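A short worksheet on the structure shown next.
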Number of protein chains: 2
Amino acid sequence: MLRISKLTDYATVILASLTAGVLTSAAEIAERTRIGLPTVSKLLKELQHAGLVDSVRGARGGYRLARAPALISAADIIDAVEGPVALTECAGDDGHCGIEATCQVGQRWQQVSLAIRSALAALSLDDLLTRTGQFDPPDLRQASAGTAWRPLVRS
Amino acid sequence: MLRISKLTDYATVILASLTAGVLTSAAEIAERTRIGLPTVSKLLKELQHAGLVDSVRGARGGYRLARAPALISAADIIDAVEGPVALTECAGDDGHCGIEATCQVGQRWQQVSLAIRSALAALSLDDLLTRTGQFDPPDLRQASAGTAWRPLVRS
DNA sequence: CCAATCAGGACTATCTTAGTACTATAAAGG
DNA sequence: CCTTTATAGTACTAAGATAGTCCTGATTGG
Ligand code: FES
Ligand code: FES
């Protein structure tokens, strides 16, 4: 139920393996994380597109975090690898499901989706890495309070 | 990202179409919801297995909610249709991913998963149906506070 | 009996995910 | 400049999950 893809988890592992400010090659990252090089390479390209990492080409090139780990959220990573939020089929920009006319629950799911997204947006790479202590989930109430429902746009 | 399957949404629509205490045939439900009969039938069987609906066989048989809509949660529905929680590949009972040795983030994802699950468990079928007003998401803090992480067992 | 209706499972088509391969481009360094 | 080291872009394939269908058997009401 409700799972993130394996690639998203890999992406997180990859980002976690980067030391802030230090250029690291894809090969080096693959070695450190034990993920296959082609996969690491592909994911890093996607993360670069999303602006989560900077890349430097050429000999002695590599990748580095585009910003501090505290400023990279779980939602950012998921967006980069899996695309934008859409808890339900018909929730996205132009998603339709054929039973919209009779469907009474779609809008609610969307709100739930928003709430979950807020939780993930509040969870930074730093948080994911801290192995000691408890995860203190954000208060989702403020997430949707006062916001009327409207179709999500690409983030 | 992070989507529930179309079938889960259908299941919710189906449950929402049932009037508490009234027996309704699969054919009737299919008609009301505009979902194909074979699909409705299949989903109702799964919901029956999960104990969310009662079934009566034979002529004039049908299905009815096993308990009040307020006592059926979104998490129940997702569990029934998609199986148990596992936000990450290696989070489940015996899931392994080959990079566990080097992975530093798996446990955190699992905590996030628990938090999301708590939110879904607090959302009843009644809530999903209420079209007016705001969804007031539950406070996820209490969800994981004080609970040390341990492998999830099937609910 | 007969018709309606659920139970169980097998089966197929389609889509998504995961992983691979190949070519092009850019920079470093002798 | 030319070679080496690296990323960029893209296309492809295999495997798996999802969505949907169909059939055969069991149960009940009339
Ligand atoms: S299932 Fe599509 S609008 Fe609800
Ligand atoms: S990816 Fe498997 S333990 Fe983290």
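Note that this is a predicted model, so its numbers are computed, not measured. Proteins come first, then strands; the chains are lettered A, B, ... in the order of their sequence lines, and each starts at number 1.
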Protein-nucleotides 15-17 of chain C N/O pairs under 3.5 Å:
none

NZ/NE/NH1/NH2 to OD/OE distance under 4.0 Å, R67(B) and D54(B): no

Distance alone, cut at 3.5 Å: any donor-acceptor contact between the side chains of D9(B) and T12(B)? no

Pair E46(B) + K42(B): basic N to acidic O under 4.0 Å: no

What is the nucleic acid contact for A27(B), judged by heavy atoms within less than 4.0 Å: base, sugar-phosphate only, or nothing? nothing

Nearest-angstrom distance from the residue atom CG of D54(B) to P of dT27(D): 18 Å

Taking CG from L43(B) and C1' from dA19(D), how many angstroms apart are they, rounded to a whole number? 10 Å

In whole angstrom, what separates E46(B)'s CD from dT18(D)'s P? 11 Å

In whole angstroms, the gap separating C1' of dT7(D) from CG of L23(A) amounts to 12 Å

Whole-Å distance separating the CZ atom of R64(B) from the P atom of dC6(C): 12 Å

So what does G61(B) touch, heavy atoms closer than 4.0 Å: a base, only the sugar-phosphate, or nothing? sugar-phosphate

Working note: I77(B) + E82(B), criterion side chain to side chain contact (heavy atoms under 4.5 Å, CB included); need CA distance, chi angles, decisive distance, verdict. CA-CA 8 Å; I77(B) 303 170; E82(B) 304 187 22; over 6 Å; no

Nucleotide by nucleotide, nucleotides 8-16 of chain D touches protein heavy atoms under 4.0 Å in the pattern (B base, S sugar-phosphate only, - none) BBB------

What is the distance from atom CG of L65(A) to atom CG of L52(A), rounded to the nearest 0.5 Å? 9.0 Å

Nearest-0.5 Å distance that lies between atom CD1 in I78(B) and atom CG in L7(B): 12.5 Å

If we ignore hydrogens and angles and just use 3.5 Å, is the side chain of D76(B) paired with the main-chain N or O of S73(B) as donor and acceptor? yes

Of the nucleotides dG20(D), dG19(C), dT5(C), which one has an atom closest to the side chain of S25(B)? dT5(C)

Find the distance L47(B):CG to dC6(C):P and express it as a whole number of Å. 13 Å

Taking CG from D9(B) and P from dG20(D), how many angstroms apart are they, rounded to a whole number? 11 Å

Please determine if a side-chain N or O atom of R60(A) lies less than 4.0 Å away from the OP1 or OP2 oxygen of dA27(C). no

Taking atom CG of L44(A) and atom CD1 of I14(A), what is their separation to the nearest 0.5 Å? 5.0 Å

Atom CD1 of I14(A) and atom C1' of dG19(C): how far apart are they, to the nearest Å? 13 Å

OG1 of T39(B) to NZ of K6(B), rounded to nearest 0.5 Å, is 9.5 Å

